[in-house]
Amino acid sequence: KYLGIGVQFVPESGIIMGLGIFVTLVCHLFGGGYQVTIYGWVIEHVMIAPIILHASYCLFHPHFFGQLGTILTLAILATVLNCLIIFGVVWASIMNIESLNMMTGYQVIMFSALISAVDPVAVLAVFDTVGANRALYYLVFGESLLNDGVTFVMYQGFKVFTVLSRESAAEIIEWHHFGLLLLSFITKPVFGILIGFITGLLSSFVSQFSTEKSDFLQPLLNLLFAAQAYIMAIMFGFSGILSLIAFGLTQQRYTFRNITNTAVVKTRNVVRGFAMVSELFLFFILGSEFAALDFANIIQFAFIVLVVMTLARIFVTGLCCFVGNKMTRHQINWKWQILLIVGGMRGAIAYAMVIQYKGRPFADVFYGTTVFLIFVTTVVNGMLAKPLVSILQLKEEGQEHDYDHEYGWDDLEKLGRPMKYFKSFEEKVLLRFCTKDHRTMEVAANEVIESEEESIFDRLEKKHMNKYNKKKSKK
């Protein structure tokens with residue numbers, strides 16, 4: 001009874017972390033000193049990847065593409081602003097703290113980028129469970145997923161400089177290094193997305209030649225192409241996360257048209273299974289790590305970061321939504337903005353980044369603070385989401401949506417030239433060469449035209465024969 005009540009208010013991820021805390025404390029109580037740990041590369045490349053791919057499959061929806069401009073603004077501009085505000089305020093706040101004032105600006109901004117990562121898994125679970133409005137759901141979900149790709153790129157860029165002391169950084173780092181850093185912020189996400197998109201198209205092209213007899217191989221091929229997109233992006237130093245997101249959306253758009261519904265369901269279920277196992281195991285580890293934290297060593301820094309990042313998210317969300325509402329057709333009202341703020345839960349992505357930082361300056365402080373903030377935001381924000389959705393009346397009522405009218409797709413002139421060019425390119429090239437449906441529709445259309453022509457000729461012939469017969473009868 002009480003467990004059922006608890007599940008209604010506490011998010012699933014919070015319950016799994018609670019289980020990890022309980023197991024660790026019991027082991028410590030009986031003198032075992034047991035604590036679950038795992039290698040950082042396993043978390044980043046084996047466990048995070050299926051979570052991102054599953055999320056990208058779920059992201060394919062008209063509500064996501066209709067709000068893409070707003071989502072990109074929140075995922076890029078808002079994330080950068082969040083990072084800069086956290087960096088500035090936190091660095092200024094620790095100057096007078098003896099145990100922390102030796103941190104360099106590069107170390108603080110690296111941690112600011114890391115802790116700006118919002119967890120799409122927690123958002124997906126919480127907002128789906130509470131039955132939030134679907135447009136709001138995809139807005140928060142899309143922002144959190146793309147936010148991860150942006151923060152990961154920023155984190156990797158700043159991490160390079162964290163091993164340098166203040167004196168050595170001043171001597172070694174020159175202005176052109178900052179230029180290269182800024183250039184990497186463009187090349188890593190852009191080329192990561194491009195690799196994912198091209199690999200997705202390759203997957204679609206190959207899937208055209210599948211038959212019902214090869215149905216059982218399709219999930220395996222889809223997963224192999226996903227692995228190829230991720231590995232290629234990592235090998236060339238680009239964003240693996242954004243590559244997987246682009247691949248998942250492309251595969252959902254083109255590849256799944258070419259294969260049977262059974263193969264599609266199997267692919268999604270396999271990816272979902274891997275994602276759920278990874279998610280549950282990650283949150284169990286986080287709970288275990290939270291129970292073993294040295295709170296005396298991190299509590300001051302963690303409290304400063306918690307306050308600053310909460311205020312930064314409130315300010316930046318309000319600012320970006322205000323500017324966005326002036327420029328876009330789809331408005332974000334104050335109720336949605338509150339849920340966007342609450343949706344700022346930290347999770348597996350931030351943990352995957354901080355675990356890579358081990359062995360570097362202030363690694364223990366950053367690690368403990370990250371685990372503490374993940375626990376607090378997941379539990380507190382997750383518990384706030386459900387009552388807020390009910391109080392603000394943001395539940396999905398099951399109404400039908402006219403997406404074309406709602407997002408202006410029924411008027412091609414409002415879409416802008418880039419979108420019109422892409423739609424034309426997609427119809428003439430991508431759908432033609434990458435999907436079976438397009439060929440089937442083309443053949444069907446030709447058959448319809450031919451049958452219509454035949455019926456017209458038949459009618460004309462009959463009409464002509466009737467006139468001829470009438471004339472003949474008169475004679």
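As the structure is a computational prediction, the values presented were derived from the model and not from experiment. All values below come from the heavy atoms of this structure, side chains included, with hydrogens, waters and symmetry mates left out.
- Nearest approach of Met95 to Asn101, heavy atoms of both residues: O-CB, 3.3 Å.
- Phe295 pairs by the ring-ring contact (aromatic ring centres under 6.0 Å, His included) definition with Phe290, not counting sequence neighbours.
- Within 6.0 Å of atom CD in Gln300, 12 or fewer heavy atoms from other residues, nucleotides or ligands are found, so the atom counts as exposed in its surroundings.
- In this structure a side-chain-to-backbone donor-acceptor pair under 3.5 Å is present from Gln208 to Phe433.
- Counting only N and O atoms by type, the side chains of Ser203 and Thr255 include a donor and acceptor under 3.5 Å apart.
- Evaluation of the ring-ring contact (aromatic ring centres under 6.0 Å, His included) rule for Phe274 yields no partner, not counting sequence neighbours.
- Listed by chain and number, the residues in a ring-ring contact (aromatic ring centres under 6.0 Å, His included) with Phe87 are Trp91 (sequence neighbours excluded).
- Minimum interatomic distance between Gly142 and Leu59 (heavy atoms only, all atoms of both residues): CA-CD1, 3.6 Å.
- Here the side chains of Asn325 and Gln337 are in contact, with some heavy-atom distance below 4.5 Å.
- In this structure, Arg346 and Ile115 approach most closely via the heavy-atom pair NE-O, 2.6 Å.
- Side chains of Tyr230 and Ile52 form no contact here, defined as non-hydrogen atoms less than 4.5 Å apart.
- Among Tyr138, Phe65, Phe141, the single residue meeting the ring-ring contact (aromatic ring centres under 6.0 Å, His included) criterion with Phe60 is Phe65.
- Two residues are said to be in side-chain contact when any heavy atoms from C-beta on lie closer than 4.5 Å; Gln252 and Arg268 meet this criterion.
- The environment of CZ in Phe185 is crowded: more than 12 heavy-atom neighbours from other residues, nucleotides or ligands sit within 6.0 Å.
- Counting only N and O atoms by type, the side chains of Thr435 and Arg257 include no donor and acceptor under 3.5 Å apart.
- Contact between Asn258 and Ser207 at its shortest, heavy atoms only, is ND2-OG, 3.0 Å.
- Aromatic ring pairs are classed by plane angle as parallel below 30°, tilted from 30° to 60° and perpendicular above 60°; the pair Phe205 and Phe209 is perpendicular.
- Distance CD1/Ile94 to CZ/Phe362: 7.5 Å, rounded to 0.5 Å.
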Taking it one step at a time, do Met154 and Val80 satisfy side chain to side chain contact (heavy atoms under 4.5 Å, CB included)? CA-CA 9 Å; Met154 293 170 64; Val80 173; 4.3 Å; yes
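- Between the CG atom in Leu217 and the CD1 atom in Ile259 there is a gap of 11.5 Å [rounded to 0.5 Å].
- Rounding to the nearest 0.5 angstrom, the gap separating the CG atom in Leu223 from the NZ atom in Lys266 is 13.0 Å.
- The distance from the CZ atom of Phe301 to the CG atom of Leu306 is 12.0 Å, given to the nearest 0.5 Å.
- Put simply, CD1 on Ile338 and CG on Leu384 are 11.0 Å apart, with the number rounded to the nearest 0.5 Å.
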Residues 236-246 side chain polar contacts: donor-acceptor under 3.5 Å, at least two apart:
| residue | atom | partner | partner atom | Å |
| --- | --- | --- | --- | --- |
| Ser239 | OG | Leu242 | N | 3.2 |
| Ser243 | OG | Gly192 | O | 3.4 |
| Ser243 | OG | Gly196 | N | 3.4 |
| Ser243 | OG | Ala229 | O | 3.1 |

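- Using a distance-only test at 3.5 Å, with no hydrogens or angles considered, a donor-acceptor pair links the side chain of Thr151 to the main chain of Asp148.
- Aromatic ring centres of Tyr155 and Phe111 lie farther apart than the 6.0 Å criterion allows.
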Take Phe158 and Thr162, measure what side chain to side chain contact (heavy atoms under 4.5 Å, CB included) needs, and give me the verdict at the end. CA-CA 7 Å; Phe158 293 128; Thr162 56; 5.6 Å; no
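- At least one side-chain heavy atom of Val365 sits less than 4.5 Å from a side-chain heavy atom of Asn297.
- Not one N or O on the side chain of Ser204 forms a donor-acceptor pair closer than 3.5 Å with the backbone of Gly200.
- In terms of heavy-atom proximity, Thr267 sits nearest to Pro219 at OG1-CA, 3.4 Å.
- The minimum heavy-atom distance between Ile349 and Ala117, with the atom names listed, is CG2-CB, 4.3 Å.
- Residues satisfying the ring-ring contact (aromatic ring centres under 6.0 Å, His included) test with Tyr57, not counting sequence neighbours, are Phe256.
- The closest side-chain heavy-atom distance from Val342 to Val140 is not below 4.5 Å.
- A heavy-atom distance below 4.5 Å is not found between the side chains of Lys188 and Phe152.
- Rounding to the nearest 0.5 angstrom, the gap separating the CZ atom in Phe247 from the CG atom in Asn222 is 6.5 Å.
- For residues 76-86, every residue pair satisfying the side chain to side chain donor-acceptor pair (under 3.5 Å) rule, not counting sequence neighbours, is listed here: Thr79-Asn147.
- When side chains are defined from C-beta on, Ile109 does not count as touching Phe161, because their heavy atoms never get closer than 4.5 Å.
- The cationic atom of Lys159 (NZ for Lys, CZ for Arg) does not lie both less than 6.0 Å from the six-membered ring centre of Tyr357 and within 45° of the ring axis.
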Full working for side chain to side chain contact (heavy atoms under 4.5 Å, CB included) between Leu77 and Leu81: CA-CA 6 Å; Leu77 179 61; Leu81 288 175; 4.1 Å; yes
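- Within 6.0 Å of CZ in Arg272 there are 12 or fewer heavy atoms belonging to other residues, nucleotides or ligands.
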Could you check Phe366 against Leu114 for side chain to side chain contact (heavy atoms under 4.5 Å, CB included), going step by step and ending with a plain yes or no? CA-CA 10 Å; Phe366 291 153; Leu114 176 158; 6.0 Å; no
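- Counting heavy atoms from C-beta on, the side chains of Arg313 and Val118 come closer than 4.5 Å.
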